[in-house]
Amino acid sequence: MNYLRHVLILVQKDIVAELRTKEMLNSMLLFVLLTMVMFNFAFGSGPETETLSSGLLWISFLFAAILGLNRVFVHEKDEGCLDGLMLCSMDCSVIYFGKAISSFLFLSVAELIALPVFTVFFVRESFLSHLWILIIVLMLGNVGISAVGTLLSAISINTKARDLMLPVLFLPVIVPILVAAVKSTGLVLSFSSVGTQQFWTEIVIWLRTLVIYDIIFVLVGFLTFEYVVEE
Amino acid sequence: MPEVNLLICVDSLSKRFGRRKVLNELNLNICKGDFLTIVGPNGAGKTTLLRILSTLSGFSSGCITINGVDIKENPAFVRKKIGLLSHNLLLYKDLNAYENLRFYGKMYNVSLLEDKISELLEKVELDHRKFDVVRTFSRGMQQRLSIARALLHDPEIIFLDEPFSGLDVHAGRILDGILEDLKKGCHTLVMTTHDIKKGLVHANSVAVLSGSKIAYHQRENLPDLDDFNQIYSDCVRNKR
């Protein structure tokens, strides 16, 4: 119970700090919206764009996430607050879960604001009846991104070229999540062109893949975070 | 030295950074209620020693026990007992003074937290700025807030790394008062400083860290300032 309370206190602190500075949310939102505008100009809104749209969506979300994840431990590192947290005699994984949940929340907010813009630019058929599946896909994708991104952000923050190091470490690792998220998003956006049975068969496979990788990434983060942050 | 109240025992401690040995077979005993001042030249390893004692840094070899507990085996036990004031102030600059103390207080499970925060902010004379964001504070004010943070959970042992740096005369006096109160409250304090005079005023035990070792350690019957300056110079020269 105390463990969960500490995680929530850490998340609450991150939310208060972020609402005051908005440095993560603003940069992620600006990036994701600009990318969509650029893609719209580059690819137009023809039927061929619809086949690309799920990839475009996740590419913009992924790079926006990197911008945010680069900032996750900046204050903890620059002001030495990570030492302060470690001295609170709690389990180091509290820091990991607190930071991962904060990242998840900030990324989800940016995505939920950007999703209507994406729909206007790239989606021609209504997918309202399957919107709930898309939201599940987004949330599962965000869990994976936040879980692995928080761990790698803690590693890269201790390197000289920390802003460059995170994408180098993060992008190869996140590929399975990205593939599963793109595939399932593509299915949701084009559900009218595939049969109902095929839709459900395939979406279950990709959602299962997302869940499995999320579990793996969360477990790896939970088990290794202590070794990453301790000198 | 009578060591019936031995609290911190450092035995043959070595710490390497790559090939460089920062601490080499260092031995140090600190008794309950002691106020130990450690002085030493730049780069002697004072901050490293405090970080190791605080369980924030590992070490290459040796053994450290606090209250008989090995700090490598059970760092969580040690962390509950210590407060640290370091070069890094461990404060969130986007939160205000009150939010910083409330956050750390909740993390430490401090009971009667609101009363404790008010008491400490009053002590460090920041109660009138409690709702101001830390980013707007001067370095000295941040240092004072960091002192309040370090004392929030009423730690038994307090490590102070150059606590007077960045403080003006008035803030220095506030810290002097806090240190005297802590001494009276039977806390154990370990302070590193370059200001030998300040160090001798408060301490009942002094040590010189030089040449990766404790080159001099005297508990009670401390030398006067001139004698200690001579001892310090000898220690540093012999190291070279």
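Here is the naming used below: chain letters follow the sequence lines, and residue numbers restart at 1 for every chain. Being a predicted model, the structure only gives us computed values, none of them experimental.
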Undergrad: For F63(A), does the CZ atom have more than 12 heavy-atom neighbours from other residues, nucleotides or ligands under 6.0 Å away?
TA: no
Undergrad: Looking at every non-hydrogen atom in both residues, tell me the closest pair between Y104(B) and C88(A) and how far apart they are.
TA: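 Heavy atoms of Y104(B) and C88(A) come nearest at CD2-SG, 4.0 Å.
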Undergrad: What are the two closest heavy atoms between L87(A) and S54(B), and how far apart are they?
TA: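 In terms of heavy atoms, the two residues are closest at CD2-O, 3.5 Å.
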Undergrad: Pick one of side chain, backbone, both or neither for L82(A), based on which atoms fall under 4.5 Å of a heavy atom in chain B.
TA: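 No part of L82(A) comes within 4.5 Å of chain B.
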Undergrad: Side chain, backbone, both or neither: which part of Q12(A) has a heavy atom under 4.5 Å from chain B?
TA: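 Answer is side chain: those atoms of Q12(A) sit under 4.5 Å from chain B.
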Undergrad: Surrounding NZ of K80(B) (heavy atoms of other residues, nucleotides or ligands, distance under 6.0 Å), is the total greater than 12?
TA: no
Undergrad: Write down the atom of N88(B), the atom of D78(A), and the distance for their closest heavy-atom approach.
TA: OD1-O, 4.1 Å
Undergrad: For the CZ atom on R5(A), are there more than 12 heavy atoms of other groups (residues, nucleotides or ligands in this structure) within a distance under 6.0 Å?
TA: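 Correct, the count exceeds 12.
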Undergrad: Measure distances from L95(B) to the heavy atoms of chain A and classify the residue's part below 4.5 Å as side chain, backbone, both or neither.
TA: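 Contact with chain A is through both the backbone and side chain of L95(B).
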Undergrad: Considering non-hydrogen atoms only, spot the tightest contact between L10(A) and F103(B) and give its length.
TA: CD1-CZ, 3.6 Å
Undergrad: Begin with the C-alpha distance, continue with both residues' side-chain angles, and end with the deciding distance and a verdict on side-chain contact (heavy atoms from CB on, under 4.5 Å) for K93(B) and H75(A).
TA: CA-CA 8 Å; K93(B) 294 201 172 165; H75(A) 295 296; over 6 Å; no
Undergrad: Check whether more than 12 heavy atoms from other residues, nucleotides or ligands sit under 6.0 Å from atom NZ of K183(A), and answer yes or no.
TA: no
Undergrad: For V133(B), is it the side chain, the backbone, both, or neither that has a heavy atom closer than 4.5 Å to a heavy atom of chain A?
TA: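 Contact with chain A: side chain only.
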Undergrad: Judged by atom type as modelled, is there a donor-acceptor pair below 3.5 Å linking the side chain of R20(A) to the main-chain atoms of D94(B)?
TA: yes
Undergrad: Could you tell me whether R51(B) and D83(A) have a side-chain N and a carboxylate O separated by less than 4.0 Å?
TA: yes
Undergrad: For a 4.5 angstrom cut-off between non-hydrogen side-chain atoms, does T55(B) reach M86(A)?
TA: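 No. Closest side-chain heavy atoms not under 4.5 Å.
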Undergrad: Salt bridge check: are R135(B) and E79(A) linked by an N-O gap of less than 4.0 Å?
TA: no
Undergrad: Are there more than 12 heavy atoms of other residues, nucleotides or ligands under 6.0 Å from atom NZ of K183(B)?
TA: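 Yes, enclosed.
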Undergrad: Step through the shown structure and confirm whether more than 12 heavy atoms of other residues, nucleotides or ligands are within 6.0 Å of CZ on F217(A).
TA: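 Correct, the count exceeds 12.
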